[in-house]
Amino acid sequence: MLSPHGLKNHRKKIARELSLLLVIMLVVLGAAGISTENSFVSAAEETTITVYNWGQYISDGTDGYIDVIAAFEEEYPDIKVNYLTFDSNETMYSKLKTGGASYDVIIPSDYMIERLIREDMLEELDFSNIPNYEYVDESFKNPSYDPEAKYSVPYTWGRVGVIYNSLYVNEEDLTGWDVLWNNSYAGKILMFDNCRDSFAIAQLILGKSINDESPETLNACAGLLKSQKNLVQSYVMDQIFDKMERGEAWLAPYYAGDYLFMLEENEDLGFFEPEEGYNLFVDAMCIPKSASHKEEAELLINFLCEPAISGENLEYLGYSTPISAAKEYMDEEVAENEIAYPSDEELARGQYFNALSEEGTQLMNSLWLEVKTSGDNLAVYLWVTGGAVALILVLWLCLKIRKKRKIARRCTH
């Protein structure tokens, strides 16, 4: 009797032989002038859907966990998945807005979904193709960013806190967000490389709502972020994994789910929730207006809502599932983890992002550019560049004057 592994290989061998036989039959039929517009061609046709998701945000078969995309393609052999990644909501939005590429499924965060709905960039979902939506917890249905639940299905949820290296960071300093401004850790601090998350930290330090878009508050936040810049090693998103896991940096604001992922690589890492509060978020699955394969995209969304799939996927990711039934398929230690699933009292300290107005978005973007380009390094660069240009102009003028004088002397002879 064949073992399960041997049986699997035997089936693969038979499948390859059948595929080869099918190709030979098609060639023979074509050579004989017989029409091939029949069930053979239909069965061979494939649809490719493009998924645009955050980096490292789906279980890929690593460490024995489920390979979600492979499992979907096995269940739907006529559908293939082209998986692409982005590192921030703003990057995703820019790609979608410029129309440079077509995506069938995107997974933005709450406030960005609200913006995409407002700008008529999302398709309404056909929930008859997503029956597993029934498993989504009621608390995640009809959210403020999609109040009629027409455009999105929650994928994960989580919160932002501070990841630190316990070997180098004094835990007495871990009280609030101001630890990211502590001179003791200059050059070992990482910061979000997107404006919304970075401004939220400054807003919380200033005692403001993370949705306060008044010019006074945003300018004050920009000033605070500029004062931090000389302490920051680098502004990062996905790069945080290598830097924190290897101990190249000691402090970083980031997502709790990613902390749990990093902890497996570096057991010296810790996570804490600043006393001022933090951002709570939901990332959800949507279909943009530019989608080419809406029905197939809805099949994938439905597949990801299957409790067994959500449970195995989210156990790997470390993020929190919006489907309580999925916890039955998780390791008990993961399902009861207080960082992934904090108490209601702890969750009450969190705030969700709302979409900013167009004016608020533009002001925040321009101020963020000022923050990123401020500092002595830029000033030195501009001074050196300006000096070099001025020197070239002076030399050019000198050479031109010298040439004219030579010509003038020749004319006098």
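What you see is a predicted model; the values in this text were computed from it and never measured. Heads up: numbering here begins at 1 and tracks the sequence. Just so it is clear, the values below take in all heavy atoms, side chains as well, and ignore hydrogens, waters and symmetry mates.
- Within a 6.0 Å radius of CD in E248, more than 12 heavy atoms belonging to other residues, nucleotides or ligands are found.
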Subject >> Derivation of the side-chain contact (heavy atoms from CB on, under 4.5 Å) call for T321 and T156 >> reply: CA-CA 5 Å; T321 177; T156 69; over 6 Å; no
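- One finds no salt bridge joining K294 and D126 here, because no Lys/Arg side-chain nitrogen approaches an Asp/Glu carboxylate oxygen to under 4.0 Å.
- The side chain to side chain donor-acceptor pair (under 3.5 Å) check on D283 picks up Y57, S109, with sequence neighbours excluded.
- Listed here is the closest heavy atom pair of G311 and M330: O-CG, 3.5 Å.
- Judged as a salt bridge (Lys or Arg N to Asp or Glu O under 4.0 Å), the pairs with a partner in residues 208-229 (not counting sequence neighbours) are, in order, K226-E370.
- For the atom pair CD1 (I287) and OG (S292), the distance works out to 11.5 Å, reported to the nearest 0.5 Å.
- Distance CG/D238 to CG/D87: 6.0 Å, rounded to 0.5 Å.
- Residues V282 and Y145 meet the side-chain proximity criterion, which asks for heavy atoms closer than 4.5 Å.
- Side-chain atoms of D146 and S152 form a donor-acceptor pair, as typed in the model, at a separation below 3.5 Å.
- Looking at heavy atoms from C-beta onward, C286 lies in side-chain contact with L122 at the 4.5 angstrom threshold.
- From D193, atom CG reaches atom OG of S234 across 8.5 Å, with rounding to the nearest 0.5 Å.
- Every residue two or more places apart in sequence or in another chain was checked for a side chain to side chain donor-acceptor pair (under 3.5 Å) with N337, and none qualifies.
- For the pair T62/Y316, a side-chain contact is recorded, criterion being any heavy-atom separation below 4.5 Å from C-beta on.
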Subject >> side chain to side chain donor-acceptor pair (under 3.5 Å) evaluation trace for S88 with T91 >> reply: CA-CA 5 Å; S88 73; T91 299; 2.9 Å; yes
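- In terms of modelled atom types and a separation under 3.5 Å, the side chain of N211 and the main chain of N354 share a donor-acceptor contact.
- For the pair W368 and C195, the tightest heavy-atom approach, listed with the atom from each and the gap, is CG-CB, 3.4 Å.
- T361 places a side-chain N or O within 3.5 Å of a backbone atom of S357 that can act as its donor or acceptor partner.
- Considering every non-hydrogen atom in both E148 and N142, the closest pair reads C-ND2, 3.9 Å.
- Contact check for L180 versus P253: side-chain heavy atoms found under the 4.5 Å cut-off.
- Annotation: Y155 is not in aromatic contact with Y319 [ring centroid separation under 6.0 Å not met].
- Looking only at atom types and distance, the side chain of N182 has a donor-acceptor partner in the side chain of S184 under 3.5 Å away.
- Applying the salt bridge (Lys or Arg N to Asp or Glu O under 4.0 Å) rule to E345 yields no partners; only residues at least two apart in sequence or on another chain are considered.
- The minimum heavy-atom distance linking S198 with L225 is given by the pair O-CD2, 3.8 Å.
- For Q239 (side chain) and M237 (main-chain N/O), a donor-acceptor pair under 3.5 Å exists by modelled atom type.
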Original post:
Where do L314 and S320 land on the side-chain contact (heavy atoms from CB on, under 4.5 Å) test, with the steps shown first?
Top reply: CA-CA 7 Å; L314 273 293; S320 308; 5.9 Å; no
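- Under 4.0 Å is where a charged nitrogen must lie from a carboxylate oxygen, and between R196 and E90 no such pair does.
- Here the shortest heavy-atom pairing between H293 and I49 reads CB-CG2, 3.8 Å.
- At a cut-off of 3.5 Å, with distance as the only test, a side-chain donor of Y185 or D173 sits close to an acceptor on the other residue.
- A side-chain donor-acceptor contact under 3.5 Å links D197 and N194.
- With values rounded to the nearest 0.5 angstrom, I117 atom CD1 is found 7.0 Å from I113 atom CD1.
- A distance-only check finds no donor-acceptor pair linking the side chain of S166 to the backbone of L269 [under 3.5 Å].
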**OP:** Let me see the working for N82 and T48 under side chain to side chain donor-acceptor pair (under 3.5 Å), right down to the final yes or no.
**Re:** CA-CA 7 Å; N82 177 32; T48 298; over 6 Å; no
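- Considering only heavy atoms from C-beta on, D137 stays 4.5 Å or farther from P322 through its side chain.
- Every pair passing ring pair (Phe, Tyr, Trp, His ring centres under 6.0 Å) that includes a residue from residues 190-232 is listed here, sequence neighbours excluded: F192-Y254, F192-Y255.
- The backbone N or O of K95 lies less than 3.5 Å from a partner atom in the side chain of T98, making a donor-acceptor pair.
- For the side chain to side chain donor-acceptor pair (under 3.5 Å) test, no residue two or more places apart in sequence or in another chain qualifies with W177.
- No side-chain donor-acceptor contact under 3.5 Å links R246 to the backbone of N266.
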Subject >> Candidate pair T47 and D78, rule side-chain contact (heavy atoms from CB on, under 4.5 Å), full reasoning >> reply: CA-CA 6 Å; T47 297; D78 294 338; over 6 Å; no
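- Applying the salt bridge (Lys or Arg N to Asp or Glu O under 4.0 Å) test to residues at least two apart or on different chains, the pairs with a partner in residues 109-121 are K97-E119, R115-E119, D120-K289.
- Here the CG atom belonging to L224 is positioned 9.5 Å from the CG atom belonging to D178, to the nearest 0.5 angstrom.
- For the pair K80 and F72, the cation does not sit on the ring face, since its NZ or CZ is not both under 6.0 Å from the ring centre and inside 45° of the axis.
- Considering only heavy atoms from C-beta on, D60 stays 4.5 Å or farther from I69 through its side chain.
- No side-chain heavy atom of I240 sits less than 4.5 Å from a side-chain heavy atom of D258.
- Residues meeting the side chain to side chain contact (heavy atoms under 4.5 Å, CB included) test with Q351, sequence neighbours left out: L204, S209, I210.
- Residues S59 and Y65 are in side-chain contact: their nearest non-hydrogen atoms beyond the backbone lie under 4.5 Å apart.
- Pairs of residues two or more places apart, or lying in two chains, that qualify as ring pair (Phe, Tyr, Trp, His ring centres under 6.0 Å) and include a residue from residues 336-363 are Y111-F353.
- Take Q233 and apply the side chain to side chain contact (heavy atoms under 4.5 Å, CB included) test, not counting sequence neighbours, and it matches K188, L190, K243, A249.
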Original post:
After noting the C-alpha distance and the side-chain angles of I201 and W181, does the key distance pass the side-chain contact (heavy atoms from CB on, under 4.5 Å) rule?
Top reply: CA-CA 11 Å; I201 292 171; W181 275 256; 4.0 Å; yes
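- Taking both residues in full, the closest heavy atoms of G318 and A340 are given as O-CB, 4.0 Å, listed atom of the first, atom of the second, then distance.
- E123 places no side-chain N or O within 3.5 Å of a backbone atom of Y151 that could act as its donor or acceptor partner.
- Pairs passing the ring pair (Phe, Tyr, Trp, His ring centres under 6.0 Å) check and including a residue from residues 81-110, sequence neighbours excluded, read Y52-F86, Y52-Y103, W54-F86.
- Judged by distance alone, the side chain of N132 and the main-chain N or O of N302 form a donor-acceptor pair under 3.5 Å.
- Partners of R349 under the salt bridge (Lys or Arg N to Asp or Glu O under 4.0 Å) rule, at least two apart in sequence or in another chain, are E346.
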